[in-house]
Amino acid sequence: MATLRKQYAVSRYVYSEDSFGEDYEKVYRVRKTTLDHVKEYLTCDSKRAKNAVLSLLPIIGWMRIYRVREWLLGDVVSGISTGLIAIMQGLAFSLLASLPPSYGLYTAFFPMLTYFFLGTSRHISVGSFPVLSLMVGAVVTRLVPDEGPPANITGFEGLTQDQQRVLVASSVTFLMGIFQLAMGVLQVGFIVVYLSDTLVSGFTTAAAVHILVSQLKFVLGLTVPGISGPLSIIYTLEKIFVQITSTNICDLVMSILIMAMVFIVKELNDIYKAKLPVPIPIEVIMTVIACGVSYGFNFEKRYDVEIVGKMVSGYEPPMAPNVEVFQESAVEAFPIAIVGFAVAFSVAKVYSIKHDYTIDGNQELIAFGISNIFGASFRSFAASTALSRTAVQESSGGKTQIAGLISAMMAMIVTVALGFLLEPLPRSVLGALVIVNLKGMLMQFREIPYLWRRDKTECLVWLGTCLGAILLGLDLGLVVGLGVELLTIFEPKGVKIFRIPSPIFFANIEFFRDKLVEAVCTTCLPIFCRRMMTLQRGSRDLVCQTTEESYMNMEELDQPTDLKGFPFQMDWNAELPSNVDVPRVDLHSLILDFSAVSFLDISAMKGLKMALKEFIRIDVDVYIVACDVYIVEKLHMCMFFDDEILTSMFFPTLHDAMLHVLEKHKDDTKNGWFNKRFSNAVNTI
């Protein structure tokens with residue numbers, strides 16, 4: 001049976017400000033005075049106080065509607081199921097961060113305590129995430145390498161190598177939390193929109209490759225020092241293959257068996273998830289079996305298997321972060337903060353839509369910022385969420401973060417009372433569990449042929465991000481991915497879109513004009529002057545040149561531009577002397593995006609008018625879009641418009657202006673100058 005689909009089409013006229021005003025009556029708003037704004041800001045009533053408290057403490061909102069009889073049992077079952085997975089993943093992901101396994105249990109406990117009160121998502125499982133763990137581990141191994149002396153940091157004096165690494169990891173996490181909290185307070189949660197799904201997919205796939213390589217030394221039972229920086233993955237593989245003949249067969253066989261069993265049972269969980277009340281906790285089962293077998297047969301002594309070893313019992317007192325580590329790791333901490341928030345927000349958004357409630361990006365930044373600051377004070381490392389844990393928490397009946405709190409309590413019980421039972425666990429088992437859980441991220445390689453068929457530019461972004469992150473490291477790879485994404489954004493040939501991100505006034509009008517010329521067309525006026533001089537003087541005193549570069553080297557074009565005496569409108573069709581070739585300006589339309597311009601003074605109007613006429617003079621159509629209606633009124637009052645600068649140059653939206661330009665120059669679009677991604681192409685001061 002075919003799925004019923006309804007079609008709809010949106011059709012409207014392309015409006016300029018003039019035509020829009022003809023069709024729709026202008027509605028005037030009542031403007032508040034400065035005193036009104038001050039009174040409103042300082043007024044505090046019960047409703048406003050209530051909204052502020054509910055915004056900062058979302059727990060109050062969902063606790064008031066909590067259905068104990070319907071939801072509590074599901075939350076308890078979900079919390080236990082998620083807690084078991086969080087414990088295993090915490091132990092395993094701590095290896096990615098180059099830390100003792102017991103500190104992974106800290107990350108499963110402390111961040112959840114604060115997120116329970118501050119987070120807006122009711123379903124995500126807060127704790128360790130493999131990509132963040134690996135990014136933190138890169139900083140840890142850089143400052144405290146396996147071989148050689150650690151970085152020259154005062155706080156390292158008198159500490160063992162493990163204690164130094166814990167100090168680095170917690171300090172990086174603390175700084176990560178500061179970045180997230182600052183972004184939340186400054187209301188910049190929208191920053192996540194600059195990480196496209198394609199970029200995130202390529203980045204996480206590269207992270208999965210790094211994770212896979214980093215765990216090979218545990219699976220093979222080899223001693224390989226941690227390496228960070230560009231090409232670290234190549235150097236790590238080199239060291240692994242040099243020692244490949246020294247592989248510990250016991251570790252290898254045990255890892256293969258565990259990966260096979262976990263993979264098979266996970267597939268069965270997916271197939272029969274509709275019939276199973278909760279997924280089979282195969283990681284927990286295999287961990288218990290591996291602990292028992294390792295202890296019973298004394299794998300450590302008999303087969304030289306590296307085990308988890310001494311687990312920290314209980315919790316240590318809080319400690320302050322190290323400022324010197326802040327200075328050494330600030331560059332890495334910021335992308336860690338961005339990636340951690342982007343992953344958590346994306347997962348939270350999926351489940352909020354599914355269960356029909358709203359999440360607040362800025363409040364999520366505040367929640368994760370405080371959670372990471374609080375957790376780092378107690379020696380945990382970077383926290384976000386993992387899709388696999390969150391899926392278990394939601395699918396096993398979790399309705400609220402009470403399930404998350406219960407999972408944190410389970411981690412606490414293991415840390416305080418049961419940690420010693422995990423001491424004989426082989427580290428190769430943890431490495432195997434990490435690798436088998438990479439399936440989802442590694443399967444993203446299948447997106448390459450799909451993207452190649454559907455959108456080659458998106459495929460280029462995916463490949464550039466993935467290869468950059470694999471070869472250069474995750475921090476530099478993210479920068480490369482953003483750069484590739486920007487390079488794949490095109491606009492119609494002959495059109496420039498220039499966005500002004502601030503008010504324009506007497507102090508920045510010259511800066512605005514300089515940046516406009518620099519970003520749009522540095523050669524327009526020199527080419528115009530040369531063409532006009534050629535037409536006025538003929539071929540006298542001019543040398544035949546054929547390239548634009550050669551003109552720009554001539555002394556004439558280095559002289560100050562004087563437009564006096566030239567006609568207002570350039571005629572590019574006028575014939576030049578046969579022995580002279582002056583290039584045309586490769587620009588026919590300039591669109592100024594005024595959506596962020598909230599103020600324009602008299603000095604700025606004069607400078608803007610002069611700048612517009614300079615472009616109109618060389619036959620470049622200028623359009624202004626999304627200009628505030630009160631600025632347009634001010635332009636009318638100040639006699640800004642004349643015979644050359646018309647009100648028809650103003651359009652209500654960028655899309656209207658682009659459609660107008662494309663219609664006016666439709667012959668150019670037929671020649672392949674138009675790219676569908678033009679709407680994202682803007683130059684900014």
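Values below: every heavy atom of this structure, side chains too, minus hydrogens, waters and symmetry copies.
Other residues, nucleotides and ligands contribute over 12 non-hydrogen atoms within 6.0 Å of the CG atom of N298. Sparse packing is recorded around OH of Y295, with 12 or fewer heavy atoms of other residues, nucleotides or ligands lying under 6.0 Å away. The environment of CG in D270 is crowded: more than 12 heavy-atom neighbours from other residues, nucleotides or ligands sit within 6.0 Å. The local environment of CZ in F334 is sparse, with at most 12 non-hydrogen atoms from other residues, nucleotides or ligands closer than 6.0 Å. When the shell of 6.0 Å around CE of M319 is examined, it contains more than 12 heavy atoms from other residues, nucleotides or ligands. In the displayed structure, Y272 atom OH is contacted under 6.0 Å by at most 12 heavy atoms of other residues, nucleotides or ligands.
When all heavy atoms are compared, the tightest approach of N372 to G177 is CB-CA, 3.9 Å.
Taking the six-membered ring wherever Trp is involved, the centroid distance between the rings of F129 and F93 does not fall below 6.0 Å.
Although no hydrogens or angles enter the test, the distance criterion places a donor-acceptor pair under 3.5 Å between the side chain of S170 and the main chain of L167. A donor-acceptor pair is defined here as one N or O able to donate and one able to accept, closer than 3.5 Å; no such pair exists between the side chain of T82 and the backbone of G79. Looking at R379, its side chain does come within 3.5 Å of a backbone N or O of P317 through a donor-acceptor pair. Put simply, the side chain of Q89 never gets that close to the backbone of S128: no donor and acceptor are under 3.5 Å apart.
Ring geometry for F378 against F110 counts as parallel: the plane angle stays under 30°, on a 0 to 90° scale with 60° as the upper cut. Note on ring orientation: taking the six-membered ring where Trp is involved, the planes of Y351 and H355 are parallel (angle under 30°, cut-offs 30° and 60°). The aromatic rings of W62 and F116 sit perpendicular, their planes meeting at an angle over 60°, well past the 30° parallel limit. The aromatic rings of Y106 and Y315 lie tilted to each other, with the angle between the two planes from 30° to 60°.
A side-chain N or O of T205 and one of Q444 form a donor-acceptor pair less than 3.5 Å apart. Side-chain polar atoms of S407 and Q393 form no donor-acceptor pair below 3.5 angstrom. Side-chain N/O atoms of T390 and T385 include a donor and acceptor closer than 3.5 Å.
With salt bridges taken as basic N to acidic carboxylate O contacts below 4.0 Å, none links K349 and E364. Residues K217 and D251 are not paired through a salt bridge, judged by the lack of any N-O separation under 4.0 Å between the basic side chain and the carboxylate.
Here L57 contributes atom CG and M63 contributes atom CE; the two are 12.5 Å apart, rounded to the nearest 0.5 Å. The distance from the CZ atom of R389 to the CG atom of N437 is 10.5 Å, given to the nearest 0.5 Å. Note that OG of S384 and CZ of F368 are 5.0 Å apart. Values are rounded to the nearest 0.5 Å. In this structure, OG on S329 lies 12.0 Å from CE on M135, to the nearest 0.5 angstrom. Taking CE of M412 as the reference point, atom CG of L418 lies at 10.5 Å (rounded to 0.5 Å).
By the 4.5 Å heavy-atom criterion applied to side chains, L438 and Q215 are not counted as neighbours. Looking at heavy atoms from C-beta onward, I402 lies in side-chain contact with Y66 at the 4.5 angstrom threshold. In this structure, the side chains of L425 and I307 stay at 4.5 Å or more apart for every pair of heavy atoms. Between N248 and E306, the closest side-chain pair of non-hydrogen atoms is not below 4.5 Å. A 4.5 Å side-chain heavy-atom check between V136 and E332 finds every atom pair outside the cut-off. Annotation: side chain of V131 is not in contact with side chain of V343 (no heavy-atom distance under 4.5 Å). Two residues are said to be in side-chain contact when any heavy atoms from C-beta on lie closer than 4.5 Å; I280 and L268 fail this criterion. For the pair L199 and L478, the minimum side-chain heavy-atom distance is below 4.5 Å.
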